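What follows is one structure encoded as structure tokens, with my remarks underneath.
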Amino acid sequence: MEPIYTHSNKALDTLGEVWDTFLVLIQAVSEASNNVHRAEPNLVQLQKDRRALDALLATLKSQVEWIQTHDHAENQQVQDNNNNKPKDDDDAAELAPLLQQQAELATESARLSDQIKRLLSQSYSLQFQMDMLMASSHDPPVSR
């Protein structure tokens, strides 16, 4: 179970980086949009920031896929182990708390996986909003 938690923590850290990068990119797009009439926007830097964000999103997506794949495999292994319970009473007494702990950890893993999915969904929503900001910053000014 430990690798799942390690990868979940890494995915959450990556999600924090994605969030920070989103904020930086949104601020840069906003500044470029505000200064479009006064100065030429630094499109190279905006594109560089966008590529960095895309790379972080790809990393996050691969981490989530790894977690989902291994979580499913571990859940299957737990079910297989539960089907092969020992019949000895002493072993069963020792195994009961371990099985309960394993079930709690599986529940926590599922909760963390769901949380990562929700946060990833939010990051896609922010990416769409950024695309809209980028598109609006390239719109020609309205003449009066």
Side-chain angles (χ1 to χ4, degrees), residues 1-86 91-144:
M1 275 288 194
E2 190 171 311
I4 289 276
Y5 290 111
T6 302
H7 280 79
S8 294
N9 284 333
K10 286 180 184 177
L12 289 172
D13 290 342
T14 303
L15 188 60
E17 292 176 33
V18 166
W19 185 261
D20 292 340
T21 305
F22 262 126
L23 294 177
V24 167
L25 194 53
I26 288 172
Q27 184 178 3
V29 169
S30 178
E31 288 174 5
S33 181
N34 288 338
N35 295 330
V36 75
H37 297 293
R38 289 179 241 135
E40 187 70 25
N42 187 357
L43 296 178
V44 173
Q45 183 61 38
L46 289 173
Q47 290 172 347
K48 181 180 174 185
D49 291 343
R50 177 60 191 264
R51 281 192 295 273
L53 178 63
D54 289 342
L56 281 172
L57 287 172
T59 301
L60 183 61
K61 184 176 181 180
S62 68
Q63 289 171 337
V64 168
E65 288 172 354
W66 187 94
I67 291 168
Q68 288 174 335
T69 302
H70 287 79
D71 183 48
H72 176 69
E74 287 187 16
N75 285 341
Q76 185 65 36
Q77 184 180 12
V78 167
Q79 288 177 354
D80 291 345
N81 288 342
N82 287 342
N83 292 338
N84 298 328
K85 288 182 182 176
D91 288 343
E94 292 176 14
L95 193 57
L98 294 175
L99 288 174
Q100 181 181 1
Q101 181 183 13
Q102 189 175 27
E104 290 170 1
L105 291 174
T107 303
E108 179 70 10
S109 175
R111 186 187 67 76
L112 288 174
S113 182
D114 289 343
Q115 184 178 6
I116 289 172
K117 287 178 194 175
R118 282 194 311 275
L119 291 172
L120 185 60
S121 175
Q122 290 175 353
S123 70
Y124 288 140
S125 174
L126 285 173
Q127 183 178 1
F128 174 74
Q129 290 174 356
M130 277 202 1
D131 288 342
M132 296 302 293
L133 278 172
M134 289 286 283
S136 69
S137 70
H138 294 289
D139 289 343
V142 177
S143 303
R144 291 183 186 197

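Predicted model only: the values in this text are computed from it and were never measured. Atom set for the values below is all heavy atoms of this structure, side chains included, hydrogens, waters and symmetry mates excluded.
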Salt-bridge criterion met for D54 and R50 (N-O under 4.0 Å): yes
Locate the shortest heavy-atom distance separating M130 from L53; write the atom from each residue and the value. CE-CD2, 3.6 Å
Heavy-atom side-chain contact between V18 and T59 under 4.5 Å: no
What's the spacing between I26 CD1 and E31 CD if we round to 0.5 Å? 12.5 Å
Side chain to side chain contact (heavy atoms under 4.5 Å, CB included) partner of L119, chosen from L60, V64, L15: L15
Residue pair R118 / D114, side-chain heavy-atom distance below 4.5 Å: yes
Identify the two heavy atoms, one from F22 and one from L126, that lie closest to each other, and give their separation to 0.1 Å. CE2-C, 3.6 Å
To check you understand the geometry: which heavy-atom pair defines the closest contact between T21 and D49, and what is its length? CG2-O, 4.2 Å
Nearest 0.5 Å, what's the CD-CD1 distance between Q68 and I116? 9.0 Å
S123 side chain reached by W19 side chain, heavy atoms, under 4.5 Å: no
Is there side-chain contact between L98 and Q102, with at least one heavy-atom pair below 4.5 Å? no
Would you check if the side chain of S113 reaches a backbone N or O of A110 as a donor-acceptor pair within less than 3.5 Å? no
Do you know the tightest heavy-atom contact between P97 and A93? CD-O, 3.2 Å
First locate atom CD of Q63, then atom OG1 of T14, and finally report the distance between them rounded to the nearest 0.5 Å. 3.5 Å
Which atom of L133 lies closest to which atom of V29, heavy atoms considered: CB-CG1, 3.5 Å
Min side-chain heavy-atom separation H70-H7 under 4.5 Å: no
What's the separation between atom CG in L25 and atom NZ in K48, rounded to the nearest 0.5 Å? 13.0 Å
For S109 and L105, indicate whether the former's side chain and the latter's backbone hold a donor-acceptor pair under 3.5 Å. no
Any non-hydrogen side-chain atom of Q47 less than 4.5 Å from a side-chain atom of R51? yes
Does S121 reach the main-chain N or O of K117 with its side chain, forming a donor-acceptor pair under 3.5 Å? no
